[in-house]
A.B. asks: 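Can you keep this structure in mind? I'll have questions shortly.
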Amino acid sequence: MEKFFGGLLCITLLLIPNNVFCQETKKALARDSTYVKIQLKDATVEQKERYAVWRTDYYICTGIAYAKSVGQTVDDFAVFVAGKHNLGNGDNGLPPVVKLFHFVFESYPNGQFDIISETDSVVTMKSNRPYSASFNEGPVLGVTLDEFERFLYQHIRIMASNIGIDFAYHNEGDSMIFTLAKQK
């Protein structure tokens, strides 16, 4: 019986300081939790869209910068990316590709896109260059606006060709003119 009470006394002596420690820790946490509160705010749809577009363009610049750092060209990177993506959802006609162009350009803040002319086999479109604002202060990660556009439109040309569509573009000041034509 003496061993039992001795053991009980030892456990009690261990539990009392542990209980006091837990009580004090709980009080400290309660005090701290009223002091530090991180308030989270949901982003608007527009903020999310703007971030997604910026992030995509920034990753394009990251890829171009990496390609250049290992001795590759912008065209080499365009070929690589075009080999990993496709244009459209399996429908090789002009309408889905034109709709995709429209969606991409209209996703940019201030993005503008119009169809200038259209036949069953050729569509000519015009857009502003909304991505160019990212280059207002110069190259992004060492990538110039010219390199960005060269990549963007070169990889589109390759993907369009893979589904039987010729793609051409040219710059007219602050606008781009695109032509999509069914291959003969």
Side-chain angles (χ1 to χ4, degrees), residues 36-70 72-116 118 123-181:
V36 177
K37 289 195 182 224
I38 298 172
Q39 298 296 316
L40 301 177
K41 182 181 175 189
D42 290 338
T44 66
V45 172
E46 291 81 15
Q47 289 168 324
K48 291 175 184 178
E49 182 180 63
R50 188 172 33 254
Y51 179 74
V53 168
W54 169 83
R55 186 174 179 179
T56 299
D57 287 354
Y58 195 79
Y59 276 100
I60 289 171
C61 290
T62 302
I64 294 169
Y66 177 74
K68 289 169 42 177
S69 77
V70 295
Q72 300 292 305
T73 66
V74 172
D75 290 338
D76 294 331
F77 184 60
V79 168
F80 173 79
V81 172
K84 305 296 180 197
H85 299 158
N86 60 31
L87 195 57
N89 58 4
D91 181 355
N92 294 350
L94 292 174
V97 177
V98 171
K99 289 176 183 178
L100 180 59
F101 268 69
H102 176 255
F103 173 78
V104 168
F105 281 94
E106 292 283 322
S107 292
Y108 282 93
N110 304 316
Q112 298 169 359
F113 180 90
D114 293 301
I115 296 173
I116 297 172
E118 173 184 358
V123 178
T124 302
M125 305 153 288
K126 180 179 182 176
S127 77
N128 63 344
R129 299 164 65 203
Y131 48 77
S132 65
S134 296
F135 298 88
N136 283 346
E137 295 180 22
V140 175
L141 300 174
V143 175
T144 66
L145 174 59
D146 288 341
E147 290 172 317
F148 179 86
E149 286 181 325
R150 181 173 178 85
F151 162 79
L152 186 61
Y153 299 122
Q154 177 72 348
H155 104 279
I156 290 171
R157 185 192 62 73
I158 295 166
M159 291 188 303
S161 181
N162 289 341
I163 60 170
I165 297 174
D166 289 324
F167 171 72
Y169 72 96
H170 68 275
N171 183 326
E172 281 187 9
D174 291 335
S175 298
M176 296 300 285
I177 306 298
F178 310 108
T179 303
L180 294 171

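Values below: every heavy atom of this structure, side chains too, minus hydrogens, waters and symmetry copies.
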A.B. asks: Not counting sequence neighbours, which residues clear side-chain contact (heavy atoms from CB on, under 4.5 Å) with Ala65? List them please.
C.D. replies: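 Partners of Ala65 under the side-chain contact (heavy atoms from CB on, under 4.5 Å) test: Leu141, Val143.
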
A.B. asks: Can you list every side chain to side chain donor-acceptor pair (under 3.5 Å) pair that touches residues 93-114, not counting sequence neighbours?
C.D. replies: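 Residue pairs with at least one partner in residues 93-114: Asp57-Tyr108.
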
A.B. asks: Give a yes or no on whether the backbone of Leu152 and the side-chain of His155 come within a donor-acceptor separation of less than 3.5 Å.
C.D. replies: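 Indeed, once roles are kept as given, a pair shorter than 3.5 Å links the two residues.
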
A.B. asks: Decide yes or no for Ile64 and Val74: does some side-chain heavy atom of the first lie under 4.5 Å from some side-chain heavy atom of the second?
C.D. replies: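 The answer is yes; the side chains approach within 4.5 Å.
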
A.B. asks: I need the Ile115 CD1 to Phe101 CZ distance, nearest 0.5 Å.
C.D. replies: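 Ile115 CD1 to Phe101 CZ: 11.5 Å, rounded to 0.5 Å.
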
A.B. asks: Verify, without hydrogens or angle tests, whether Ser161 (side chain) and Ile158 (backbone) share a donor-acceptor contact under 3.5 angstrom.
C.D. replies: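 Not confirmed, Ser161 side chain does not pair with Ile158 backbone.
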
A.B. asks: Restricting to non-hydrogen atoms, name the atom on Pro130 and the atom on Pro109 that form the minimum distance, rounded to 0.1 Å.
C.D. replies: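 Minimum heavy-atom separation between Pro130 and Pro109: CB-O, 4.2 Å.
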
A.B. asks: Who are the side-chain hydrogen bond (donor to acceptor under 3.5 Å, both in side chains) partners of Asp76, not counting sequence neighbours?
C.D. replies: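 Asp76: side-chain hydrogen bond (donor to acceptor under 3.5 Å, both in side chains) contacts with Thr73.
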
A.B. asks: How would you list, by chain and number, every residue that makes a side-chain contact (heavy atoms from CB on, under 4.5 Å) with Ser127, sequence neighbours excluded?
C.D. replies: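 For Ser127 the side-chain contact (heavy atoms from CB on, under 4.5 Å) partners, ignoring immediate neighbours, are Phe105, Phe113, Met176, Phe178.
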
A.B. asks: Does anything in residues 144-173 form a salt bridge (charged side-chain N to carboxylate O under 4.0 Å, His left out)? List the pairs, not counting sequence neighbours.
C.D. replies: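 The answer is Lys68-Glu147, Asp75-Arg150, Arg129-Glu149.
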
A.B. asks: Distance check, rounded to the nearest 0.5 Å: Phe77 atom CZ versus Gln154 atom CD?
C.D. replies: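 Going from the CZ atom of Phe77 to the CD atom of Gln154 covers 12.5 Å.
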
A.B. asks: Any non-hydrogen side-chain atom of Asn162 less than 4.5 Å from a side-chain atom of Asn86?
C.D. replies: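 Not touching, per the 4.5 Å side-chain cut-off.
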
A.B. asks: Answer whether the closest heavy-atom distance between the side chains of Val97 and Val123 falls below 4.5 Å.
C.D. replies: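 Answer no - side chains too far apart.
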
A.B. asks: How would you list, by chain and number, every residue that makes a side-chain contact (heavy atoms from CB on, under 4.5 Å) with Gln47, sequence neighbours excluded?
C.D. replies: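 In terms of side-chain contact (heavy atoms from CB on, under 4.5 Å), with neighbours along the sequence ignored, Gln47 is linked to Ala43, Thr44, Arg50.
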
A.B. asks: Does Val140 have any side-chain contact (heavy atoms from CB on, under 4.5 Å) partners at least two apart in sequence or in another chain, and if so, which?
C.D. replies: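 Testing Val140 for side-chain contact (heavy atoms from CB on, under 4.5 Å), a comparison that skips the adjacent residues, returns Tyr58, Cys61, Phe135.
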
A.B. asks: Residues in side-chain hydrogen bond (donor to acceptor under 3.5 Å, both in side chains) with Thr179, at least two apart?
C.D. replies: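 With neighbours one apart ignored, the set is empty.
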
A.B. asks: Name all residues meeting the ring pair (Phe, Tyr, Trp, His ring centres under 6.0 Å) criterion together with Tyr51; count only those two or more places apart in sequence or in a different chain, and write none if there are none.
C.D. replies: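 Tyr51 satisfies ring pair (Phe, Tyr, Trp, His ring centres under 6.0 Å) with Trp54 once adjacent residues are dropped.
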
